[in-house]
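For reference, the structure is listed below as structure tokens.
Chain naming here is simple, since letters A, B, ... match the order of the sequence lines and numbering starts at 1 in each. Keep in mind the model is a prediction, meaning the values are calculated, not measured.
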Amino acid sequence: MYALVDCNNFYASCERLFQPKLRGRPVVVLSNNDGCVIARSDEAKAIGIAMGTPAHLSHEMFREHDVRVFSSNYTLYGDISDRVMQTLASFVPQLELYSIDEAFLDCSELGLMDLSKLSLDIRRTVMQNIGIPVSVGVAPTKTLAKMANRYAKKKYKSLGVFYAANNDLVNQMLSETNVEDIWGIGRQYTKLLQGHGFKTALDLSRAPEEWMRTSMTVVGQRLWNELNGIPSIEWEFEAAPKKNICTSRSFGKLTGDKELLREAVSNYAARCAVKLRKQHSVCRSVNIFLNTNPHKTDHRQYMPSVTIECETPTSDTGELIAYALKGLDFVYQKGYLFMKCGVIVNGLIHEDAVQQNMFDSRDREKHKKAANAMDKINRCLGKDAVRMAVQRFDNRYKLRADHLSKRYTTNINEILRVKI
DNA sequence: TCTGGGGTCCTAGGACCC
DNA sequence: TCTGGGGTCCTAGGACCC
């Protein structure tokens with residue numbers, strides 16, 4: 001049996017944690033750059049604010065309904081997430097962290113324990129320890145557990161848990177879930193399935209296995225198995241090292257200034273380098289891309305990207321910045337207004353598996369020591385306390401974040417103050 | 001003024017090898 | 001009418017996830 005625990009309206013719940021007066025009030029959290037809505041409290045959902053709504057189209061509505069708006073504060077959400085996961089880990093021998101607000105729990109070795117009772121217990125404990133509301137779905141496969149979780153939220157809102165303990169309960173859930181709400185079914189597959197007359201998950205579970213395989217390849221076969229109670233998605237208890245790493249941002253405002261782009265690209269390359277070293281990887285190539293704003297149909301559009309092979313696989317900040325700047329030189333053209341740029345490092349391998357290049361004149365040991373020292377200082381003093389000159393300190397291209405809350409739990413200067 | 005950022009898996013097709 | 005038969009590796013593109 002699999003349990004899926006999911007934090008309700010996670011980002012909105014995190015913000016409300018430190019401002020209890022917002023309980024019962026509509027709260028939304030915006031994406032980077034305050035672009036669009038990415039999290040909503042129940043109250044915000046109830047007044048019809050849709051996921052992904054551009055913020056600039058909603059100001060009227062926010063004012064009208066007295067909606068509290070936040071910029072996203074990933075430092076805070078990441079820390080609250082760690083705490084929730086720690087609490088969850090105390091209930092089962094093993095769990096898989098699936099996303100910042102979700103985890104699968106392995107219930108297979110809990111013997112005859114009453115899983116409904118366990119679910120309620122989890123919910124109560126997380127609420128008491130952390131203050132974040134969660135929902136729990138328990139079922140024989142991951143796909144069904146995801147479904148059970150969604151079903152709990154929809155149908156047993158106040159209870160917050162659903163245990164698909166037998167065939168009747170599984171079928172009841174399947175019959176009340178539409179195909180488009182199944183985990184793994186997106187827009188394209190929804191079109192395909194509806195076109196063939198499949199409306200509910202129950203319909204799909206009874207589709208001919210052969211048809212699922214031929215029209216949806218192995219993805220369809222797996223899904224068919226999972227819907228029929230045959231686990232076909234493996235556990236991943238240990239986070240696998242990433243195969244590529246991307247750092248990209250939209251700018252606070254459009255720019256064609258090459259110096260500004262150099263600064264942004266250097267910073268993103270440096271972030272990639274830190275992420276690489278954290279998982280003990282080096283990359284074989286670096287990709288740099290620029291995007292104009294596709295929404296501005298009257299602007300000239302240009303979305304170039306270029307990949308540069310590293311002479312020797314590396315995770316060195318200075319080296320990656322140099323590659324990234326070389327890439328920028330290659331694709332940059334005057335006369336365009338850019339909205340976004342990014343750096344992707346590809347072909348990651350373990351740092352110990354590097355083939356030495358016999359023409360390599362760089363003292364890698366020395367640079368590695370310097371990088372490690374830099375990481376250590378930055379871990380203590382906050383990220384980017386030490387940086388390369390080209391990164392600058394003034395962040396002229398910085399994103400918008402007009403409604404940022406404090407980093408209550410990770411920065412001593414921003415700790416919650418209580419007036420008595 | 002203003003529309004996120006970061007990933008995964010699968011398949012097809014081309015380049016190349018013996 | 002006809003063009004070998006296997007392989008591997010890489011990339012691009014499409015689908016999906018939060």
Inset, instruction - Could you check whether the rings of Phe237(A) and Trp235(A) sit parallel, tilted or perpendicular, using 30° and 60° as the cut-offs? - result: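 Plane angle under 30°, so parallel.
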
Inset, instruction - Give me the ring orientation class for Phe104(A) and Trp183(A): parallel if the planes are under 30° apart, tilted from 30 to 60°, perpendicular past 60°. - result: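 Judged by the thresholds at 30° and 60°, the geometry between Phe104(A) and Trp183(A) is tilted.
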
What I want to find out is whether [X] reaches [Y] closely enough, with some N-O distance under 4.0 Å, to be called a salt bridge.
X         : Y         : result
Lys142(A) : Glu96(A)  : yes
Arg213(A) : Glu210(A) : no
Asp329(A) : Lys326(A) : no

List the residues meeting side-chain hydrogen bond (donor to acceptor under 3.5 Å, both in side chains) with [X], not counting sequence neighbours, and say none if there are none.
X         : result
Thr314(A) : Glu319(A)
Arg187(A) : none
Gln188(A) : none
Gln172(A) : Tyr151(A)

Inset, instruction - Specify the residue among Asp34(A) and Cys246(A) whose closest nucleotide of DNA chain B lies further upstream toward the 5′ end. - result: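 Nearer the 5' end of the strand: Asp34(A).
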
Which of these nucleotides, [options], is closest to any side-chain atom of [X]?
X         : options                 : answer
Thr247(A) : dC18(C), dT3(B), dG6(B) : dG6(B)
Lys242(A) : dT8(B), dG5(B), dG4(B)  : dT8(B)
Lys243(A) : dA15(C), dC9(B), dC2(B) : dC9(B)
Asn32(A)  : dT3(B), dG5(B), dG6(B)  : dG5(B)

Rounded to whole Å, please give me the gap between [atom1] in [X] and [atom2] in [N].
X         : N       : atom1 : atom2 : value
Gln279(A) : dG6(B)  : CD    : P     : 15 Å
Met85(A)  : dC18(C) : CE    : C1'   : 12 Å
Glu96(A)  : dC18(C) : CD    : C1'   : 14 Å
Asn267(A) : dG5(B)  : CG    : P     : 15 Å

Inset, instruction - Assess whether side-chain contact (heavy atoms from CB on, under 4.5 Å) is satisfied between Leu110(A) and Phe91(A), documenting all intermediate values. - result: CA-CA 10 Å; Leu110(A) 300 182; Phe91(A) 283 94; over 6 Å; no

Inset, instruction - Can you sort out the partners of Tyr332(A) under ring-ring contact (aromatic ring centres under 6.0 Å, His included), two or more places apart, ordered by chain and number? - result: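 Tyr332(A): no ring-ring contact (aromatic ring centres under 6.0 Å, His included) contacts found.
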
Legend entry - Partner set under ring-ring contact (aromatic ring centres under 6.0 Å, His included) for Tyr323(A), not counting sequence neighbours: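 By the ring-ring contact (aromatic ring centres under 6.0 Å, His included) rule, Tyr323(A) matches no residue at all.
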
Legend entry - Nucleic acid contacts - residues 38-58 of chain A versus DNA chain B, non-hydrogen atoms under 4.0 Å: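 The answer is Pro54(A), His56(A).
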
Inset, instruction - May I ask you to say what Arg400(A) touches in the nucleic acid, namely base, sugar-phosphate or nothing, with a heavy-atom cut-off under 4.0 Å? - result: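 Answer is base: heavy atoms of Arg400(A) come under 4.0 Å of a base.
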
Inset, instruction - For Ile185(A), answer base if it contacts any base atom (sugar-phosphate contacts may also be present), sugar-phosphate if it contacts only those atoms, and nothing otherwise; contact means non-hydrogen atoms under 4.0 Å. - result: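 Sugar-phosphate only.
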
Legend entry - Within residues 176-184 of chain A, residues whose heavy atoms come under 4.0 Å of DNA chain C: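 Heavy-atom contacts with DNA chain C come from Ile182(A), Trp183(A), Gly184(A).
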
Legend entry - Contacting residues from residues 286-300 of chain A, given that a heavy atom lies under 4.0 angstrom of DNA chain C: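 Result for residues 286-300 of chain A: none.
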
Inset, instruction - Among Leu261(A), Asp257(A), Leu260(A), find the residue that satisfies the side-chain contact (heavy atoms from CB on, under 4.5 Å) test when tested with Phe338(A). - result: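 When Leu261(A), Asp257(A), Leu260(A) are each tested with Phe338(A), the side-chain contact (heavy atoms from CB on, under 4.5 Å) holds only for Leu261(A).
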
Inset, instruction - Would you please confirm or rule out a distance under 4.0 Å between OP1 or OP2 of dC17(C) and any side-chain N or O of Lys142(A)? - result: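 Checking Lys142(A) against dC17(C): no side-chain N or O falls below 4.0 Å of OP1 or OP2.
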
Inset, instruction - Check whether more than 12 heavy atoms from other residues, nucleotides or ligands sit under 6.0 Å from atom NZ of Lys155(A), and answer yes or no. - result: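 Yes, because the 6.0 Å sphere around NZ of Lys155(A) holds more than 12 heavy atoms from other groups.
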
Legend entry - Whole-Å P distance, dC18(C) and dT3(B):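 Their P atoms lie roughly 24 Å apart.
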
Under 3.5 Å, which protein N or O atoms sit close to an N or O of nucleotides 10-14 of chain B? Give each pair with its distance.
unit_1, atom_1, unit_2, atom_2, d
dC10(B), OP1, Arg222(A), NH1, 2.9
dC10(B), OP1, Arg222(A), NH2, 3.1

Inset, instruction - With sequence neighbours left out, write down each residue that passes salt bridge (charged side-chain N to carboxylate O under 4.0 Å, His left out) with Arg16(A), or none if nothing qualifies. - result: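 For Arg16(A), the residues satisfying salt bridge (charged side-chain N to carboxylate O under 4.0 Å, His left out) (neighbours in sequence not counted) are Glu43(A).
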
Legend entry - Any donor-acceptor N or O pair under 3.5 Å, side chains Asp106(A), Ser108(A):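 A pair is found: one side chain offers a donor N or O, the other an acceptor, under 3.5 Å apart.
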
Inset, instruction - Dot-bracket for DNA chain C, please, read 5' to 3', with Watson-Crick or G-U wobble pairs under 3.5 Å on both distances, ( ) within the strand, [ ] crossing, | other strand, . unpaired. - result: ....||||||||||||||

